[in-house]
Participant: 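Pasting a structure here, questions to come.
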Number of protein chains: 2
Amino acid sequence: MATTPVPLRRDAQRNLERILDAAQEAFAADGIEIGVDEIARRAGVGVGTLYRRFPTKDALIDAIVERRTEEIAALAAEAEATDEPWAGVELLLGGLLERHATDRGFKALIADRTVATGKPTIRARLRPQFARVITRAQRDGSLRDDITVEDVTTLIWGAGRAVEVTSEIVPDHWRRHLGILLDGLRAPRATPLPGTPPTIAQGDALSVAWAASCRSGR
Amino acid sequence: MATTPVPLRRDAQRNLERILDAAQEAFAADGIEIGVDEIARRAGVGVGTLYRRFPTKDALIDAIVERRTEEIAALAAEAEATDEPWAGVELLLGGLLERHATDRGFKALIADRTVATGKPTIRARLRPQFARVITRAQRDGSLRDDITVEDVTTLIWGAGRAVEVTSEIVPDHWRRHLGILLDGLRAPRATPLPGTPPTIAQGDALSVAWAASCRSGR
DNA sequence: CAGCAAGCGGAGCAGGAACTCCGCTTCGTC
DNA sequence: GACGAAGCGGAGTTCCTGCTCCGCTTGCTG
């Protein structure tokens, strides 16, 4: 059964939006470690109000993640639609790393919305799109074909973390980092990789573990 | 002038070693987030005793880092001495990532010993060695020559972070990650990189920033 | 416009982790 | 063996941050 069709009172609705806006800005500017009190202050609201809507800080983060997921989905859609399949790969990876470079909270935000659900729901939303970008470039022969989305995801996670730190000191360094990764991903150059890619189930588990490690990390 | 040539009492010396051993083990097994009380407990010592030797937790971490630096220096020396220069690159990067995969505290430990000194002292110790491994392979023509130690360091930082998380679920995944990185570093395959490598001064600053971000991360 | 449920806010609570303090113990010298 | 300095230990302090509680306020309905 659907829960509570009762709409929020107008002031409550306004405060809810203020909280979401303030949280999104605060996470981007100061990272996910920012305190709940500070978010409430910036929203012009008491912490009590915040906690009535979001029972935990994680729930608030989840809400922001959900909000921003569409932004990444749009990026992926754009990457699916490039003329050259390889350009799609560059666009997707570049777009993700650029966000890491300019948005301090992006790491934790992209991590996943696992807390509320216990399942990697964001991954479920985005993985098919990412997979299409990748397999398109593999069919085209531009992307090495011994890798899967899971391999690329791991690459991005790591690079994102490095980019997050370096971008404060050398803002454009991520472009070089990306360049090296892309060279490692190009097909004509591939040296056989050891082992096998993670399974999809392992990918789910990785996604959850990654999210956890990002969220505990202030 | 040299401070305090006064030697420690025998029991104090024994306790100091116990603390160092316990800390090293605890960091490796449980990560740097482990509490000071727990380290003291495992060392069979009171927290007071620990704090007499190490005025802050960071000082203790620094001491462990210093201890382990030689281990990495040895790895780098081995990498300088391989027959094939490229094998040295593989050995160095592989050795670093493998440690990330098996030692939960390695990230923070390798980060640097910046807190006590305020300067990237570990970097000062290891950078020349790393640079020799790299330039040797570049002269040889096996490693792309448009990169510097700073570029490689960033790559390792990011990969290390990813490896740390994935290795709990897919223990060998780091080998694939490394394989892709190595393909990105091979000379014959290089696509020109944008921008210029970080300067040495920027590299110092990056090292300090990276250390800080690793240490605040529990 | 009256009544009240829904909403508000922020002082305070809880718990976790780094660090301090000080009475007691032990080592090593004379 | 005795004495004092060095060392010990762990209960307690502090600080930080997520979260709760409850008396007051406000928007909505009849």
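Note that the coordinates shown come from a computational prediction; the quantities given were computed from them, not determined experimentally. Within every chain, numbering begins at 1; the chains are lettered A, B, ... in the order of the sequence lines, protein sequences first and strands thereafter.
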Participant: Would the distance check show the side chain of A/Arg132 and the main-chain N or O of A/Glu80 forming a donor-acceptor pair, the cut-off being under 3.5 Å?
Facilitator: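 No: the side chain of A/Arg132 does not pair with the backbone of A/Glu80.
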Participant: Looking at every strand, decide which applies to B/Gly48 at a 4.0 Å heavy-atom threshold: base, sugar-phosphate, or nothing.
Facilitator: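 Answer is base: heavy atoms of B/Gly48 come under 4.0 Å of a base.
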Participant: Under 4.0 Å from OP1 or OP2 of D/dT20: is there any side-chain N or O of A/Tyr51 that close?
Facilitator: no
Participant: Assuming nearest nucleotide by heavy-atom distance, tell me which of B/Leu8 and B/Gly35 is located more 5' along DNA chain C.
Facilitator: B/Gly35
Participant: Using a heavy-atom cut-off of under 4.0 Å over every strand shown, decide if B/Val47 touches base, sugar-phosphate, or nothing.
Facilitator: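 Answer is base: heavy atoms of B/Val47 come under 4.0 Å of a base.
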Participant: Does A/Arg161 qualify as a cation-pi partner of B/Trp210, given the criterion of NZ or CZ under 6.0 Å from the six-membered ring centre and within 45 degrees of its axis?
Facilitator: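 Yes, a cation-pi geometry holds between A/Arg161 and B/Trp210.
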Participant: Contact between B/Arg125 and B/Thr121 at the side-chain level, heavy atoms closer than 4.5 Å - yes or no?
Facilitator: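 SC-SC contact between B/Arg125 and B/Thr121 ruled out.
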Participant: Counting any heavy atom closer than 4.0 Å, what does B/Arg14 reach on the DNA or RNA strands: base, sugar-phosphate only, or nothing?
Facilitator: nothing
Participant: Between B/Arg52 (CZ) and C/dC22 (C1'), how many Å, whole number?
Facilitator: 11 Å
Participant: Mind checking if A/Arg10 touches a base, just sugar-phosphate, or nothing, with heavy atoms under 4.0 Å?
Facilitator: sugar-phosphate
Participant: How many Å lie between CD1 on B/Ile19 and P on D/dG7, as a whole number?
Facilitator: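 Computing the B/Ile19:CD1 to D/dG7:P distance gives 12 Å.
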Participant: Rounded to whole angstrom units, what separation is found between the CG atom of A/Leu50 and the P atom of D/dT20?
Facilitator: 12 Å
Participant: Among the candidates C/dC27, D/dT26, C/dC19, find the nucleotide nearest to the side-chain atoms of B/Lys57.
Facilitator: C/dC19
Participant: Roughly how many Å is it from CD1 in A/Ile39 to P in C/dG10, rounded to a whole number?
Facilitator: 16 Å
Participant: Would you find more than 12 non-hydrogen atoms of other residues, nucleotides or ligands less than 6.0 Å from A/Glu25 atom CD?
Facilitator: no
Participant: Report yes if at least one side-chain N or O of A/Arg9 is closer than 4.0 Å to OP1 or OP2 of C/dA5; otherwise report no.
Facilitator: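 The answer is no; no side-chain N or O of A/Arg9 sits under 4.0 Å from OP1 or OP2.
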Participant: What integer distance in Å separates A/Leu16:CG from C/dG9:P?
Facilitator: 13 Å
Participant: When the distance from CZ of B/Arg41 to P of C/dA17 is rounded to whole Å, what number comes out?
Facilitator: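 After rounding, the gap between these two atoms is 14 Å.
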Participant: Quick one: does B/Arg99's side chain have a donor or acceptor within less than 3.5 Å of a partner on B/Gly95's backbone?
Facilitator: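 Yes, the answer is positive, given that a donor and an acceptor are paired below the 3.5 Å cut-off.
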Participant: Is the distance from OP1 or OP2 of C/dG7 to the nearest side-chain N or O of A/Asn15 less than 4.0 Å?
Facilitator: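 No, no such contact exists.
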Participant: Do A/Arg136 and A/Thr82 meet the criterion of a side-chain donor-acceptor pair at a distance under 3.5 Å?
Facilitator: yes
Participant: Taking CG from B/Asp58 and P from C/dC19, how many angstroms apart are they, rounded to a whole number?
Facilitator: 8 Å
Participant: Check every atom of D/dG27, C/dG28, D/dC19 against the side chain of A/Asp11 and return the nucleotide holding the closest atom.
Facilitator: D/dG27
Participant: Ignoring the backbone of B/Asp37, work out which of C/dA18, C/dT20, D/dC8 is nearest its side chain.
Facilitator: C/dA18
Participant: B/Glu38 has an atom CD; how far is it from atom C1' of C/dC19, in whole Å?
Facilitator: 17 Å
Participant: Is any side-chain nitrogen or oxygen of B/Thr49 closer than 4.0 Å to OP1 or OP2 of D/dG7?
Facilitator: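 Indeed not, no polar side-chain atom of B/Thr49 lies that close.
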Participant: Should A/Arg53 be listed as having a side-chain N or O under 4.0 Å from OP1 or OP2 of C/dG7?
Facilitator: yes
